[in-house]
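Fair warning: this is a prediction, and the values are worked out from it, not measured in the lab.
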Amino acid sequence: MSMQAALENVSKKMGTAQALQKVSTTFEAGRVHGVIGPNGAGKTTLLRLLAGLLHPDGGQLHYSQEGQACSAAQAKPHIGYFPQEPSLYPDLSCQEHLEFFRDLYGLPQDAFKQRARQLLHATGMAPFAERPAGKLSGGMYKKLGLMCVLLNRPALLLLDEPTVGVDPVSRQELWDIVYGFAGPEMTVILSTSYMDEALRCAKVHVLQEGVLLAADAPQALMEKYKVKNFADIFLQGDGYAR
């Protein structure tokens, strides 16, 4: 199943801060999208809105499945959300976490065995299947959280800064997992403050202080703003970027 999501003039306040200001953009189906911006840009708020964890103060969210419009309630079972800090149980092993999410998703045992085996192998976590989550390194902990989300093969995968706080090798491994399991139909929306990661995305949505500056293929954006890397889009100043 393919899924597309879009924001139309979406605004959201978090406390007294204007987290998003009339943001309109489309996340086309079957692509890896990057939501790029510095800390405080509104990235997490945007993803939490798409996940249905928050509701906009103004504007609308739109979803479609196989090209047909659907409600947020219809879309929600097909959305997987990976927060910045996955909430895992320190005393449960990797295998026990997968079994817990198997029951949560209601997966048939045969499908679960195949997917769990694939995920453990692809992430390099098979030798650590019996290790408790509380004894994993930061990168391994993130990989376990990502495995739990991918187990259900969501049509729309929302990843909130999955590579923050991990070493460069783990960052590369996490990207390999995303591309290895995304496939031609899964829509991936990944937020990051690492500007170099923009080049790994098919389309980039650039946020600053809750405002969408631009959305396009990464190379097209760099050509548009005549910069050599994404950091320069923000460093050039508001008037230039807008």
A.B. asks: Would you mind reporting whether L150 and M186 have side-chain heavy atoms less than 4.5 Å apart?
C.D. replies: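 Yes, at least one pair of side-chain atoms sits under 4.5 Å.
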A.B. asks: Taking ring pair (Phe, Tyr, Trp, His ring centres under 6.0 Å) as the cut-off, I'd like each qualifying pair that reaches into residues 10-45, sequence neighbours left out, listed once.
C.D. replies: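 Of all non-adjacent pairs touching residues 10-45, those that pass ring pair (Phe, Tyr, Trp, His ring centres under 6.0 Å) are F27-H33, F27-H205, H33-H205.
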A.B. asks: Using the test side chain to side chain donor-acceptor pair (under 3.5 Å), find all partners of S71 that sit at least two apart in sequence or belong to another chain.
C.D. replies: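 With sequence neighbours excluded, S71 shows a side chain to side chain donor-acceptor pair (under 3.5 Å) to Q74, given in chain and number order.
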A.B. asks: If a pair satisfies salt bridge (Lys or Arg N to Asp or Glu O under 4.0 Å) and one of its residues is in residues 165-175, list it, with sequence neighbours excluded.
C.D. replies: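 Qualifying pairs, neighbours excluded: K143-E173, R171-D196, R171-E197.
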A.B. asks: Kindly write out the residues that satisfy side chain to side chain contact (heavy atoms under 4.5 Å, CB included) with Q68, not counting sequence neighbours, or none if the list is empty.
C.D. replies: none
A.B. asks: I'd like to check the side chain to side chain contact (heavy atoms under 4.5 Å, CB included) partners of K13; sequence neighbours left out, ordered by chain and number.
C.D. replies: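 Here the qualifying residues are Q18, D57.
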A.B. asks: Under 4.5 Å between side-chain heavy atoms, chaining through other members, with only Ile, Leu, Val, Met, Phe, Trp and Tyr counted: pull out the rest of the cluster around Y194, sorted by chain and number.
C.D. replies: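 Its cluster mates, by chain and number, are V164.
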A.B. asks: Side chains of residues 112-122: which donor-acceptor partners sit under 3.5 Å, not counting sequence neighbours?
C.D. replies:
| unit_1 | atom_1 | unit_2 | atom_2 | d |
| --- | --- | --- | --- | --- |
| R115 | NH1 | L151 | O | 3.0 |
| Q118 | OE1 | R153 | NH2 | 3.4 |

A.B. asks: A17: what forms a side chain to side chain contact (heavy atoms under 4.5 Å, CB included) with it, not counting sequence neighbours?
C.D. replies: none
A.B. asks: Could you name each residue pair satisfying ring pair (Phe, Tyr, Trp, His ring centres under 6.0 Å) that touches residues 44-81, not counting sequence neighbours?
C.D. replies: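 For residues 44-81, and leaving out neighbouring residues, there are no ring pair (Phe, Tyr, Trp, His ring centres under 6.0 Å) pairs at all.
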A.B. asks: State which residues pass side chain to side chain contact (heavy atoms under 4.5 Å, CB included) with T26; sequence neighbours excluded, sorted by chain then number.
C.D. replies: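 Q4, A6, E28.
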A.B. asks: Could you list all the salt bridge (Lys or Arg N to Asp or Glu O under 4.0 Å) pairs where at least one residue sits in residues 131-140, not counting sequence neighbours?
C.D. replies: none
A.B. asks: With a 4.5 Å limit on heavy-atom distance, are the side chains of L190 and R200 in contact?
C.D. replies: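 The answer is no; the side chains never approach within 4.5 Å.
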A.B. asks: Considering only residues two or more places apart or on different chains, which pairs with a residue in residues 95-106 satisfy salt bridge (Lys or Arg N to Asp or Glu O under 4.0 Å)?
C.D. replies: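 Residue pairs with at least one partner in residues 95-106: there are none.
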A.B. asks: Side chains of F128 and L144: closer than 4.5 Å at any heavy-atom pair?
C.D. replies: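 Heavy-atom side-chain distance check fails, nothing below 4.5 Å.
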A.B. asks: Is there a side-chain contact between L157 and T187 in this structure, where contact means two heavy atoms from C-beta onward sitting under 4.5 Å apart?
C.D. replies: no
A.B. asks: Using 0.5 Å steps for rounding, measure from the CD atom of Q21 to the CG atom of L212.
C.D. replies: 11.5 Å
A.B. asks: Locate the shortest heavy-atom distance separating V149 from P154; write the atom from each residue and the value.
C.D. replies: O-CD, 3.5 Å
